[in-house]
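As the structure is a computational prediction, the values presented were derived from the model and not from experiment.
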Amino acid sequence: QVQLVESGGGLMQPGGSLRLSCAASGSIIAINAMGWYRQAPGKERELVARITSSTDYADSVKGRFTISRDTAKNTVYLQMNILKPDDTAVYYCNAYVMAWQGSRMRTSEYWGQGTQVTVSS
């Protein structure tokens with residue numbers, strides 16, 4: 001089994017910065033992609049940023065957020081700068097992981113439990 005554990009959320013004033021971290025653990029063989037999604041109250045979950053061999057960002061965060069990855073630590077980060085009230089949401093870590101399931105290798109999608117980010121003065 002694979003677990004994704006997020007950290008780094010909290011309350012920040014507009015214009016401030018936060019850094020989210022997500023560490024994957026378990027019977028991991030390889031991680032194909034990692035990313036961050038967010039869900040605000042009353043809205044659908046949306047992609048914020050994703051990293052494979054390249055990076056992709058939602059238009060709303062381009063130039064303000066940076067996704068990075070430490071492959072050796074199976075960890076993905078989201079540096080969030082110039083935060084806005086519209087960034088308020090629960091942020092979820094997502095990963096496509098090849099892992100051992102018994103004696104078989106299988107690639108599955110995993111989600112973290114979510115971390116709250118609130119941007120307010």
Side-chain angles (χ1 to χ4, degrees):
Q1 189 62 293
V2 173
Q3 296 82 38
L4 302 181
V5 178
E6 300 128 334
S7 61
L11 173 64
M12 179 55 63
Q13 293 183 344
S17 297
L18 283 173
R19 189 192 195 207
L20 305 183
S21 300
C22 171
S25 63
S27 303
I28 298 170
I29 300 170
I31 300 178
N32 299 330
M34 299 188 82
W36 292 93
Y37 287 72
R38 67 186 181 187
Q39 187 167 19
K43 295 187 178 181
E44 294 186 354
R45 190 174 296 189
E46 63 174 359
L47 174 68
V48 176
R50 178 172 49 212
I51 184 167
T52 54
S53 56
S54 60
T55 56
D56 295 302
Y57 295 93
D59 288 343
S60 60
V61 307
K62 284 181 179 177
R64 300 188 298 122
F65 291 10
T66 302
I67 189 170
S68 62
R69 180 176 167 182
D70 185 331
T71 303
K73 295 182 179 180
N74 290 331
T75 299
V76 65
Y77 305 96
L78 185 68
Q79 179 66 43
M80 305 185 293
N81 298 329
I82 317 175
L83 283 163
K84 303 176 180 179
D86 284 349
D87 295 320
T88 296
V90 178
Y91 284 69
Y92 296 91
C93 179
N94 172 272
Y96 284 86
V97 180
M98 180 183 292
W100 290 107
Q101 294 190 3
S103 60
R104 305 180 68 176
M105 294 185 293
R106 185 170 184 175
T107 298
S108 302
E109 183 179 25
Y110 294 91
W111 291 91
Q113 79 284 358
T115 185
Q116 177 70 46
V117 171
T118 302
V119 183
S120 176
S121 55

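Applying the ring-ring contact (aromatic ring centres under 6.0 Å, His included) test to residues at least two apart or on different chains, none of the pairs has a partner in residues 64-98. Judged as a salt bridge (charged side-chain N to carboxylate O under 4.0 Å, His left out), the pairs with a partner in residues 75-89 (not counting sequence neighbours) are, in order, Arg38-Asp87, Arg64-Asp87. The disulfide (SG to SG under 2.5 Å) contacts involving residues 43-86 comprise nothing, where partners must be two or more places apart or lie in separate chains. Each disulfide (SG to SG under 2.5 Å) pair with one or both residues in residues 22-121, not counting sequence neighbours, appears once here: Cys22-Cys93. The list of salt bridge (charged side-chain N to carboxylate O under 4.0 Å, His left out) pairs with a residue in residues 17-35, not counting sequence neighbours, is empty.
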#### Entry: Intermediate values then yes/no, side-chain contact (heavy atoms from CB on, under 4.5 Å), Leu20 and Met80
CA-CA 8 Å; Leu20 305 183; Met80 305 185 293; 3.8 Å; yes
#### Entry: Verdict with supporting geometry, Ser17 and Met12, side-chain contact (heavy atoms from CB on, under 4.5 Å)
CA-CA 7 Å; Ser17 297; Met12 179 55 63; over 6 Å; no
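Here the CD-OG distance, from Gln79 to Ser21, works out to 9.5 Å after rounding to the nearest 0.5 Å. Distance check: Ser60 OG to Glu46 CD gives 5.5 Å after rounding to the nearest 0.5 Å. Rounded to the nearest 0.5 angstrom, Ser120 OG and Leu83 CG are separated by 12.0 Å. Considering CZ of Arg50 and CE of Met34, their distance stands at 13.5 Å, rounded to 0.5 Å.
Across all non-hydrogen atoms, the minimal contact from Ala49 to Leu78 is CB-CD1, 4.1 Å. Pairing each heavy atom of Ala89 with each of Ala40, the nearest pair is CB-N, 3.8 Å. Residue Pro14 comes nearest to Ser121 through the heavy atom pair CD-N, 3.7 Å, listed as atom of the first residue, atom of the second, then distance.
Cluster annotation: Leu4 is connected to Ile28 through the hydrophobic network of ILVMFWY side chains, with a link wherever side-chain heavy atoms come within less than 4.5 Å. Under the 4.5 Å side-chain heavy-atom criterion for grouping Ile, Leu, Val, Met, Phe, Trp and Tyr, Tyr110 is not connected to Trp100 through any hydrophobic cluster.
In this view, Glu109 satisfies the salt bridge (charged side-chain N to carboxylate O under 4.0 Å, His left out) rule with no residue, not counting sequence neighbours. With sequence neighbours left out, Lys62 forms a salt bridge (charged side-chain N to carboxylate O under 4.0 Å, His left out) with Asp59. Listed by chain and number, the residues in a ring pair (Phe, Tyr, Trp, His ring centres under 6.0 Å) with Tyr37 are Trp111 (sequence neighbours excluded). Applying the salt bridge (charged side-chain N to carboxylate O under 4.0 Å, His left out) rule to Arg106 yields no partners; only residues at least two apart in sequence or on another chain are considered.
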Side-chain donor-acceptor pairs of residues 51-58 under 3.5 Å, sequence neighbours excluded:
| residue | atom | partner | partner atom | Å |
| --- | --- | --- | --- | --- |
| Thr52 | OG1 | Ser54 | N | 3.4 |
| Tyr57 | OH | Ile67 | N | 2.9 |

Please set out all donor-acceptor pairs under 3.5 angstrom arising from side-chain atoms of residues 68-76, sequence neighbours excluded.
| residue | atom | partner | partner atom | Å |
| --- | --- | --- | --- | --- |
| Arg69 | NH2 | Ile31 | O | 2.7 |
| Asp70 | OD1 | Ala72 | N | 3.2 |
| Asp70 | OD1 | Lys73 | N | 3.2 |
| Thr75 | OG1 | Lys73 | O | 2.9 |

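In this structure, Val5 stands alone, with no Ile, Leu, Val, Met, Phe, Trp or Tyr side-chain heavy atom under 4.5 Å from its own, directly or through other members.
When atom types are taken as modelled, the side chain of Gln116 and the backbone of Gly9 share no donor-acceptor pair closer than 3.5 angstrom.
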